[in-house]
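Encoded as structure tokens, the structure appears first; notes follow it.
For the numbers below, each heavy atom of this structure counts, side chains included, while hydrogens, waters and symmetry mates do not.
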Amino acid sequence: MKENLQRFTIIGALLILAGGILTFKSVSFGISSADSWLADRGGADTGYYHIIVKSYINSFLVGGGIMLGLGLVLTSLAAYKLLKIGES
């Protein structure tokens with residue numbers, strides 16, 4: 001039981017790390033994804049490109065926020081259970 005909780009703690013920490021990276025680097029990831037989209041398409045209107053950039057940035061923000069939140073919850077619950085097991 002204790003080993004499983006330690007695995008959940010490690011998975012949660014990795015989710016926190018990945019979510020933080022996605023959240024804080026969402027602008028650079030979004031711009032590079034939009035540039036790749038633009039290169040594949042061969043060109044686009046400036047307004048349309050701006051919409052694509054914003055949507056990619058928002059996608060990375062939402063994905064990173066979900067991963068960060070899930071990692072925080074998972075790590076907190078696993079750490080709480082580990083402390084409870086240590087007390088008994």
Open item on the list: In this structure, would Y56 and L22 fall into the same cluster of hydrophobic residues linked by side-chain contacts under 4.5 Å?
Closed with: no
- [ ] Give, for atom CG of L17 and atom CE of M67, the distance between the pair rounded to the nearest 0.5 Å.
- [x] 9.0 Å
Donor-acceptor pairs under 3.5 angstrom involving side-chain atoms of residues 38-55: please list them, not counting sequence neighbours.
residue : atom : partner : partner atom : Å
Y49     : OH   : D35     : OD1          : 2.4
S55     : OG   : I51     : O            : 3.4
S55     : OG   : I52     : O            : 2.8

- [ ] Can you measure from CD1 (I57) to CD1 (I31) and round to the nearest 0.5 angstrom?
- [x] 5.0 Å
Task: Co-members of the apolar cluster containing L77 [side chain, <4.5 Å] - done: V73
Open item on the list: Connecting only ILVMFWY residues whose side-chain heavy atoms lie within less than 4.5 Å of each other, what is the rest of I10's hydrophobic cluster?
Closed with: L14
Task: side-chain hydrogen bond (donor to acceptor under 3.5 Å, both in side chains) involving N4 - partner list, sequence neighbours excluded - done: R7
TODO: Give, for atom CG of L5 and atom CG of L82, the distance between the pair rounded to the nearest 0.5 Å.
DONE: 4.5 Å
Task: Contacts of type ring pair (Phe, Tyr, Trp, His ring centres under 6.0 Å), residue F29, not counting sequence neighbours - done: F60
Open item on the list: Using a 4.5 Å cut-off between side-chain heavy atoms of Ile, Leu, Val, Met, Phe, Trp and Tyr, which other residues end up in the same hydrophobic cluster as L68?
Closed with: I16, L72
- [ ] Give me the other members of the hydrophobic cluster that L83 sits in, counting Ile, Leu, Val, Met, Phe, Trp and Tyr linked by side-chain heavy atoms under 4.5 Å, directly or via other members.
- [x] none
Open item on the list: Enumerate the ring-ring contact (aromatic ring centres under 6.0 Å, His included) contacts for residues 62-88, please, sequence neighbours excluded, ordered by first and then second residue.
Closed with: none
TODO: Provide the full list of side-chain hydrogen bond (donor to acceptor under 3.5 Å, both in side chains) pairs with a residue in residues 23-33, sequence neighbours left out, each pair given once.
DONE: none
TODO: List in chain and number order the residues that pass side-chain contact (heavy atoms from CB on, under 4.5 Å) with V62, two or more places apart in sequence or in another chain; answer none if no residue qualifies.
DONE: I66
